[in-house]
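Structure first, then comments.
All values reported here derive from a predicted model rather than from experimental measurement.
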Amino acid sequence: MTKQEAAAALRHYAVLLELLGEDPFRARAFENAARMLEMQPESLDVLIAENRLSAIRGIGKGVAAAICDLNSRGTFAELEEARQGVPSGVIELLRVEGLGPKKARALWKDAKVTSLAALENAIEAGLIERLSGFGAKTAQKFRTGLAFLKSTSGRHWRHHAARAAEALQESLKDMAGIREVFFGGSLRRGNETVGDLHVLIVADTGQTDTVRAGILALSCVSWSETGSGLRGESASAFPIELSVVTLDEAGARKILATGSEEHVRALKEVAASKGFSLDPQESGNVLRTESEEQVYAALGLAYVPPPLREGNNSVFAVGSRAFPDAVRLEQIRGILHCHTTASDGHHALRELAAAMIERGYEYLGVADHSQSAAYAHGLTPERVRAQWCEIDELNKELAPFRILKGTEVDILPDGRLDFDDELLAGFDFVAASIHSGFNMSEEDATARLCRALENPQVDILGHPTGRLLLERNGYPVNHRRLIDCAARHGKAIEMNCSPHRLDLDWHFLASAESRHVPVPLCPDAHHIEGLWDIRWGVEVAAKGPLTAANCPSTWSADEFLEWCASHA
DNA sequence: GCCGTTTTCGGCCCGACTGTTTTCAGTCG
C-alpha cells in the first residue's frame, strides 16, 4: 500500500467517526495523521520496516497500529466496525455542497435520509426545512447542490480515465492477435472530464473472434452485456465501451469512436454528399481505410486533430485552413506555481527541485500561499524573506537549475492583495488568486479579478473561476472582460493543470491567444507527483489550441523574467 | 487519538461566511 492510499483510508475513517457522532477531536487526529503521513519523504514500506511511524508528529501508538494493519491487510478493525455502522448512502450525502458531516448525521438520524434520492424526496416534500437547525435557505442550497451533482453524473476526472485506460492497455499487452488498442471519446479529445472509455481493439486479419473471446475472459473487467460491442466496468469501476474491429474499417471506426457527435454528424453529411458512408454497420458505399487521415482525405477535408473535433465548425476543405500546432509536453522548460511545506505543500523546496532536475526541467517557480490563507499556513512577510534566503542558497548549489521566487498571493474581497507592493516587488513573479469569499455576482467577481490584474506587481492570474470539476462551479466570471483586462495590462492568465480544476476553461484559450494574453500551464502542485499534472493541462490546452509561443512554460527562465519585468 | 506538561488531563489550525437563532453551529478553504 502507498502512503497516499493509507492516508485516504485514515481520512475515510475520520469521516465515518464524524458521521457516527464520535469525538470530533478523535476524527481530527486521524485526519491530521493522514496529512503528516503524506508529507513523509520515505515510502510506507520503509517507514514500517524501520519502525518509524510513531516517531512522526501526530502519529502515536494507535494510528501507527492502524497504518500497519492497512499495509498488511488493507484495512483495520475500527475502520471495518465504523463501516458497518454507517449506510453507504449517508457518505454520498457529503458530496452535496454545503452538506457536511454534522448535517448528514442529522438527516440520517432525524429524517431517515440515507441516500441522495431520499434527500431529494425529503426536500420536495418540505421535510428538510422543518428539521431543527435547517431552514428554507438550507433546503434551497441542497436543491442546487443536488442539481449540480445530477448535471455531472456519469462524468469522471480526466486523470481517473487515463489511469483506467492505462490499466486496460497493460492487461491487453500480451494478448495475441491485437494490432492496436485505441482510446477515443472525450479522453482522446482532451476534455476535462470523461464519461465512458471508448475503446477500439484493432485485430489482425482473421483474429477478430479470438481476440473478442480473449477480452471476454479478462479478469480485470466485468462485462455486463454483449451486443455488437462490449460494455463493461474496469476494476476501478470505470465504464468501458469496447469494440473489436478489422484493419480495413479502423479509420472510420476511430473517427466514430472519437466524436464529438456534432463533428461526426458534419463529417457524415459531407460523406453522404459525396456518395459515401462512414459507418461500416450501415449500408452504402462504406469508406474502408486503415487510418483516419485517409478518411478525411477521401472526403476532400483537412485532417482535424482530435482535440479540435468539438462542434460542427471544424470541418474544412483541404487547403482552406491550417490548424495551429498545440504546445507539447516536451516543450515545457519550467514549472510555475508549486507549493512547499512552508505553506500547505507536502515536500520541501529541495525535494521539488531535485525531482524536476531529474526530469530535465530548467526552473521551478515556487508560489506558496500568502498570510491571510491561515488554513494553508500562508507565509507572513518575515517567512517570505526567510524563504528568499533559502532559495538564494539553493540556487548557488543547484545551478544551472533555478528556483524562481514567487507567491500565490490572495486577492482580498475588494481586489486588493494580501501583501503590500513593496514586498510584492521583491518576488521574481507574482500570481494572484481568490481563495475565499466565493459568493459573488459576475460583476463583482470580474471587478475583483480585474483590480488584481491592474496591480503592476501582478504577473499571472491564478485559477480564474475557482471551479472544482465535478464538485463546484466556482464564482461566475465574465471571461471576455477578464481577457480584455489582462491584454490591456500585459498580464497572463494561468491554466491551472490540477485535474480537479483545469481552469482557465479551454473554451477561452483561443480568445486569450488572439489577444496575446500568455497562458502558462501551472500544476498548482502540492507534492512531487502533482508537478506532473502539467500533462493534463497540455492535453486540454490542445483544444484551444494553446501554442508554444503563447505559453510561458515553454520559455527560458530569463525570457519569463524579462516578460515579468516588461509590465512592472 | 495525540501531545505536552506547572504529566495522567485539557486543548487540539483559524477566520470568513452563512443560516438559523437571538448567541452560535456548521461548512469551507
| task | Report which part of the nucleic acid A:T138 touches: base, sugar-phosphate, or nothing (heavy-atom distance under 4.0 Å, all strands). | result | sugar-phosphate
| Atom C1', compared across B:dG26 and B:dT20: separation rounded to whole Å | 11 Å
| task | Compare the minimum distances between each of B:dC28, B:dC12, B:dT20 and the side chain of A:R28, then state the nucleotide with the smallest one. | result | B:dC12
| query | Residues two or more places apart in sequence or in another chain: which of them pass side-chain hydrogen bond (donor to acceptor under 3.5 Å, both in side chains) with A:R130? | reply | none
| message | OP1 or OP2 of B:dG4 versus the side-chain N and O atoms of A:R57: is any pair under 4.0 Å? | response | yes
| B:dC13 phosphate, OP1 or OP2, under 4.0 Å from A:N32 side-chain N/O | no
Show me, pair by pair, the donor-acceptor contacts under 3.5 angstrom made by side chains of residues 9-37 of chain A, not counting sequence neighbours?
{"from": "A:R11", "atom 1": "NH1", "to": "A:E38", "atom 2": "OE2", "distance (Å)": "3.3"}
{"from": "A:R11", "atom 1": "NH2", "to": "A:E38", "atom 2": "OE1", "distance (Å)": "3.0"}
{"from": "A:Y13", "atom 1": "OH", "to": "A:R26", "atom 2": "NH2", "distance (Å)": "2.9"}
{"from": "A:E22", "atom 1": "OE1", "to": "A:R26", "atom 2": "NH1", "distance (Å)": "3.3"}
{"from": "A:D23", "atom 1": "OD1", "to": "A:F25", "atom 2": "N", "distance (Å)": "3.0"}
{"from": "A:N32", "atom 1": "OD1", "to": "A:R35", "atom 2": "NH2", "distance (Å)": "2.9"}

| message | Taking only the C1' atom of each, what is the distance from B:dT18 to B:dG10 in whole angstrom? | response | 31 Å
| query | In terms of side-chain geometry, is the basic nitrogen of A:R467 or A:D505 positioned less than 4.0 Å from the acidic oxygen of its partner? | reply | yes
| task | Sort out for me which residue in A:D503, A:D533, A:D524 forms a side chain to side chain donor-acceptor pair (under 3.5 Å) with A:N496. | result | A:D524
| message | I'd like to know if A:E192 pairs up with A:R501 as an ion pair, taking the criterion as any Lys NZ or Arg NE/NH1/NH2 lying under 4.0 Å from an Asp or Glu carboxylate oxygen. | response | no
| task | Quick one: label A:I56 by what it contacts on the DNA or RNA (base, sugar-phosphate, nothing), any heavy atom closer than 4.0 Å. | result | sugar-phosphate
Output a table of nitrogen or oxygen pairs between the protein and nucleotides 21-26 of chain B separated by less than 3.5 Å.
{"from": "B:dT21", "atom 1": "OP1", "to": "A:G133", "atom 2": "N", "distance (Å)": "3.3"}

| request: Flag the pair A:D484 and A:R480 as a salt bridge only when some basic side-chain nitrogen lies within less than 4.0 angstrom of an acidic carboxylate oxygen. | output: yes
